[in-house]
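What follows is a set of notes on a single structure, which appears directly below.
Read the numbers this way: they start at 1 and go in the same order the structure lists the ligands and their atoms. Nothing fancy with the numbering, it's 1 onward along the sequence.
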Amino acid sequence: MQPPAFYSTNGSAPLVDLRQALLQGQAPDRGLYLPQQFPRLTTAEITGKPYPEIAFELLRRFTAGIVNDATLHALCADAYNLDVPIEHVYDRVHVMRLDRGPTASFKDFAARMMARLIGQFLRETGKTLTILTATSGDTGSAVASAFHGVAGVRVLVLFPIVEVSDRQRKQMTTLRDNIRAIAVDGKFDDCQALVKRAFADPALSRLPLSSANSINIGRLLPQAVYYFHAAARLGEPLVIAVPSGNFGNMMGAVIAREMGLRIKRLVIPVNGNDEFPRFLVTGRYEKIEPSHNCLSNAMNVGHPSNLARLVAMYGGQMDETGRINRAPDMSRMRRDLFSSTVSDDQTRATIQQAWAEHKLLLEPHGAVGWRGFLDYCAAESLGDSPAVVLETAHPAKFPEEIERVLGFSPDVPASLSALDKLPEDFDRMPVDYGQFQKYLLSRYA
Ligand SMILES: *Cc1c(COP(=O)(O)O)cnc(C)c1O
């Protein structure tokens, strides 16, 4: 089995193998990596298998010759010692809950596998790495938890002090050991700008810095696994709905489809940041700057970086700024994808309605997904196709909103309630690059 090489969507970087793609994150020409070919996987090969085995079968098609099978098998068992419940709602319609990881969002699935693979590569080379990441909440906590205790890796997370919830903050500030967090007196955009500037700073070039955001192909491959898991249980061709922000999660479904999964329609609802559904209609792409602050806050993205990958899959080319240099096949895209916009009012109404009609408990992101799925059913009949809608976070991450709409607080899973008692430790910093640079040099040089 020959694993695929990876090319850059900007088209002027050399091909790399999975190890290089993972350690680099972004390609040197500022494009994003995609596999040159997609290995095949059929649901017949995974039917009846537990989740870690499905992950192993899928991922080994990309890691052959790079990670030996016995090692990968152990990494999958260790990363995916969690439930992936598929809840029946009505007829052949289901919700898949991707919230049983340690930080209670779907981002655990990718972060846990990527951390283990990077840890494995570092063990082989004896190198060390410092991972810098800016977060509005869920990415930082998933990355911090996933890399906690991984030898050779140090993680520094920057978060906006006023924009993250207490639970999100505690998920980053109570781990200690190789994990450090800085509360920035600013917005998410300020944290992001500090991190970007550090990556481009020649004075820091001797530090082995890397990023762990969703531009890394290592985040996307593990996200193809749960779509196969759903199809193995529910049947094909499947309608899949994915509430989307930076379009990393939906790209997992696109990768699964390229590997052979039969998807009847991929439904990708967004919140008020609706640049994608408008693009799908008009063929003209306009970013939203600055992004709108919506209830489903992990989806407040005005220019999804993974669009460059989606456009490439449809024969087009989009650069990192959002400029389309070659138009993708829009009619094929419209046949495969369905997208709609869900406002905050609709999000709240959907939380209410799903509970009243089906005793289906949704948080804001999952509600955007559910509402988008209902939009799809209204526009085109679902028929008797099986369908799965993703719930991307645990409702207990958003207790205030659920309480306001439904009048009760969701049960808190042990992973989150344990946090309340742990002591926090973090640094604080103004939005000041000079100070950030000094901090990095004194701690990590
Ligand atoms: C990150 C996130 C999303 C959006 O996922 P993308 O891959 O950025 O589209 C949706 N829901 C939750 C809870 C998230 O944390």
Just which atoms of ligand 1 are under 4.0 Å from any heavy atom in G248? 6 (P), 7 (O), 9 (O)
Should you measure from each heavy atom of M299, which atoms of ligand 1 turn up under 4.0 Å away? 3 (C), 4 (C), 10 (C)
Heavy-atom distance to atom 10 (C) of ligand 1: which of T392, N306, V270 wins? T392
One finds that the ligand 1 atoms under 4.0 Å from a non-hydrogen atom of A393 are 13 (C)
Ligand 1 versus K107, non-hydrogen atoms closer than 4.0 Å: side chain, backbone, both, neither? side chain
Looking at D166 and K170, is any side-chain nitrogen of the basic one under 4.0 Å from a carboxylate oxygen of the acidic one? no
Looking only at distances, can you tell me whether any N or O atom of F247, backbone or side chain, sits closer than 3.5 Å to an N or O atom of ligand 1? yes
Please state whether the rings of F436 and Y433 are parallel, tilted or perpendicular, taking 30° and 60° as the class boundaries. perpendicular
Return yes or no for this condition: an N or O of G245 is under 3.5 Å from an N or O of ligand 1. yes
How far apart are the C-alpha atoms of R97 and V95, what are their side-chain angles, what is the distance that settles it, and do they pass the side chain to side chain contact (heavy atoms under 4.5 Å, CB included) test? CA-CA 6 Å; R97 295 197 180 267; V95 163; 4.2 Å; yes
For residues Y90 and E357, is any side-chain donor paired with an opposing acceptor at under 3.5 Å? no
Using 0.5 Å steps for rounding, measure from the OG atom of S417 to the CG atom of D411. 10.5 Å
Between D319 and T321, does any side-chain donor sit less than 3.5 Å from a side-chain acceptor? yes
Could you list the atoms of ligand 1 found under 4.0 angstrom from a heavy atom of D138? 13 (C), 14 (C), 15 (O)
